[in-house]
There are 2 protein chains.
Amino acid sequence: MENIPSIKPTESELEILQILWQLGKATVRQVNNELSKMKEVGYTTTLKLLQIMHEKHIVSRTEEGRYHLYQAEIGEEQTQQLLLGKFVDATFRGSAMKLVMQALGNQEVSLDELDEIKKLIAEKEKNLNL
Amino acid sequence: MENIPSIKPTESELEILQILWQLGKATVRQVNNELSKMKEVGYTTTLKLLQIMHEKHIVSRTEEGRYHLYQAEIGEEQTQQLLLGKFVDATFRGSAMKLVMQALGNQEVSLDELDEIKKLIAEKEKNLNL
DNA sequence: TTTTGTTTACGAATGATTTCGTAGCAAATG
DNA sequence: CATTTGCTACGAAATCATTCGTAAACAAAA
């Protein structure tokens, strides 16, 4: 879980990563079960995806008796950071500000969450004033 | 420019949309010139992409003498909104809050921009308190 | 022991996206 | 007028991502 991710996981890979980030280690079966809650997907499809991700060093795996346990090799926050950067560039021409405004304006955010954001902003302002 | 976009433009299509949103109407040549500033790309590649986008009604075109003028048919903000929603779901499991925190924490945002965000938050709080 | 079920491995089909070569015109140039 | 230049149209190759069928290994169940 140390490597700084530099390659973008594909959409399907990201779905699997989300599951692995939540489960920690998991078998193909487990991943496939989770995936099946969201969409139709064959077992060997999930298997193949995990194998490809293993080749790419996106996940590691350990043999546990007869089956394999897979685990995310790239961190959740690091990956989010990477994807966020690319997304801001591609969609908001690099303006994180615009993205934040749109997210606050139109996505669901609660009062408590707004408070948290205010705190973070206060922090940032302190740092910028140094 | 009225249709609410429901289909996701591909990455290449989004690059072209960014250019069209900035230029308004543009010829293939103009789009290709802009694109060339960012990456190697053949003229006919750009042309083909614009033709495909035209088929999909992502762009409209008008004949202007010998050439065609292309124009975005889907709005910038609407498209950003659509993509943002999908991105939040795929990358932050639906939590716009997490996305905002990460964006504020790690992307470049200036003091003035932070002020703007504070204003927006104040607005939001007012609305939530009704 | 035989059958059934669960696993991994792997090749190949499918499908979507991107890239580009070629052709056909029309306008500009010599 | 002949040639060159610049445009659109279009098919097809190349690339990438996803899906799945089949086989082989092996354990568990009958």
Side-chain angles (χ1 to χ4, degrees), chain A residues 5-20 25-71 74 79 83 86 90-91, chain B residues 5-20 23 25-71 74 79 83 86-87 90-91:
Chain A
S6 51
I7 43 111
K8 223 172 117 148
T10 67
E11 275 185 33
S12 306
E13 286 171 350
L14 188 56
E15 282 180 341
I16 288 183
L17 282 172
Q18 297 289 1
I19 291 168
L20 290 179
K25 291 186 177 180
T27 62
V28 179
R29 177 69 51 196
Q30 285 176 297
V31 173
N32 187 246
N33 284 346
E34 291 304 311
L35 227 39
S36 299
K37 291 176 185 168
M38 304 189 281
K39 62 172 186 182
E40 277 275 302
V41 57
Y43 178 86
T44 57
T45 302
T46 303
L47 171 65
K48 179 70 169 191
L49 236 3
L50 280 164
Q51 285 169 344
I52 291 171
M53 291 167 81
H54 183 235
E55 272 175 26
K56 293 192 195 169
H57 304 290
I58 289 177
V59 300
S60 64
R61 81 184 178 191
T62 56
E63 317 224 343
E64 199 67 40
R66 202 145 87 67
Y67 41 98
H68 291 163
L69 285 178
Y70 288 87
Q71 183 172 24
I74 59 181
T79 304
L83 294 178
K86 288 187 191 287
T91 307
Chain B
S6 51
I7 44 110
K8 225 170 113 148
T10 68
E11 274 186 33
S12 306
E13 286 171 349
L14 187 56
E15 283 180 342
I16 288 183
L17 282 171
Q18 297 290 1
I19 291 167
L20 290 179
L23 297 185
K25 291 186 178 182
T27 62
V28 179
R29 177 72 48 197
Q30 286 176 296
V31 173
N32 186 247
N33 283 345
E34 291 304 311
L35 228 38
S36 299
K37 291 177 185 169
M38 305 189 280
K39 61 172 188 184
E40 277 275 303
V41 57
Y43 178 86
T44 56
T45 302
T46 303
L47 171 66
K48 180 68 170 192
L49 236 2
L50 280 165
Q51 285 170 343
I52 290 171
M53 291 167 80
H54 183 235
E55 272 175 25
K56 295 191 196 169
H57 306 289
I58 289 176
V59 300
S60 64
R61 81 183 178 192
T62 55
E63 317 224 344
E64 199 67 40
R66 202 145 86 67
Y67 26 34
H68 291 162
L69 285 178
Y70 287 89
Q71 182 173 23
I74 61 181
T79 304
L83 294 178
K86 288 186 191 286
F87 182 73
T91 306

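Below, all heavy atoms of this structure are taken into account, side chains as well, without hydrogens, waters or symmetry copies. Only a predicted model underlies this, so the values are computations on that prediction, with no experimental measurement involved. Just so it is clear: chains get the letters A, B, ... in the order the sequence lines come, proteins before strands, and each one is counted from 1.
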*Within residues 30-39 of chain B: residues closer than 4.0 Å to DNA chain D (heavy atoms)*: none

Taking every non-hydrogen atom, the tightest pair across [X] and [Y]:
{"X": "His54(B)", "Y": "Val59(B)", "value": "CD2-O, 3.3 Å"}
{"X": "Asn32(A)", "Y": "Gly42(A)", "value": "ND2-O, 3.5 Å"}
{"X": "Leu49(A)", "Y": "Ser12(A)", "value": "CD2-CB, 4.0 Å"}

Among [options], which nucleotide has an atom closest to any side-chain atom of [X]?
{"X": "Leu49(A)", "options": "dT18(D), dT8(C), dT18(C)", "value": "dT18(D)"}
{"X": "Tyr43(A)", "options": "dT18(C), dT8(C), dT17(C)", "value": "dT8(C)"}
{"X": "Tyr67(A)", "options": "dA9(D), dT7(C), dT18(D)", "value": "dT7(C)"}

*asked:* Check this for me: does any side-chain nitrogen of one of Lys25(B) and Glu64(B) sit under 4.0 Å from a carboxylate oxygen of the other?
replied: no

_Ion pair check, Lys8(A) and Glu11(B), cut-off under 4.0 Å_ = yes

Applying a 4.0 Å non-hydrogen cut-off, can you work out what [X] is touching in the nucleic acid: base, sugar-phosphate, or nothing?
{"X": "Val28(A)", "result": "sugar-phosphate"}
{"X": "Thr44(B)", "result": "base"}
{"X": "Gln51(B)", "result": "base"}

*Take the protein atom CE of Met53(B) and the nucleotide atom C1' of dA16(C), then report the distance between them rounded to whole Å.*
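Value for this atom pair: 16 Å.
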
*For Thr45(B) and dT18(C), is the shortest distance between a side-chain N/O and OP1 or OP2 below 4.0 Å?*
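Negative; the distance criterion is not met.
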
*Considering just the side-chain nitrogens and oxygens of Arg29(B), establish if one lies under 4.0 Å of OP1 or OP2 belonging to dC7(D).*
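Yes.
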
_Earlier contact from the 5' end, DNA chain C, for Leu69(A) and Lys48(A)_ =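 With Lys48(A) and Leu69(A) compared, the 5'-side residue is Leu69(A).
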
*Roughly how far apart are Glu55(A) CD and Ile52(A) CD1, rounded to 0.5 Å?*
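Spacing of CD (Glu55(A)) from CD1 (Ile52(A)) equals 7.0 Å.
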
*Below 3.5 Å, does any donor atom in the side chain of Arg66(A) face an acceptor in the base of dT6(C), or the other way round?*
yes

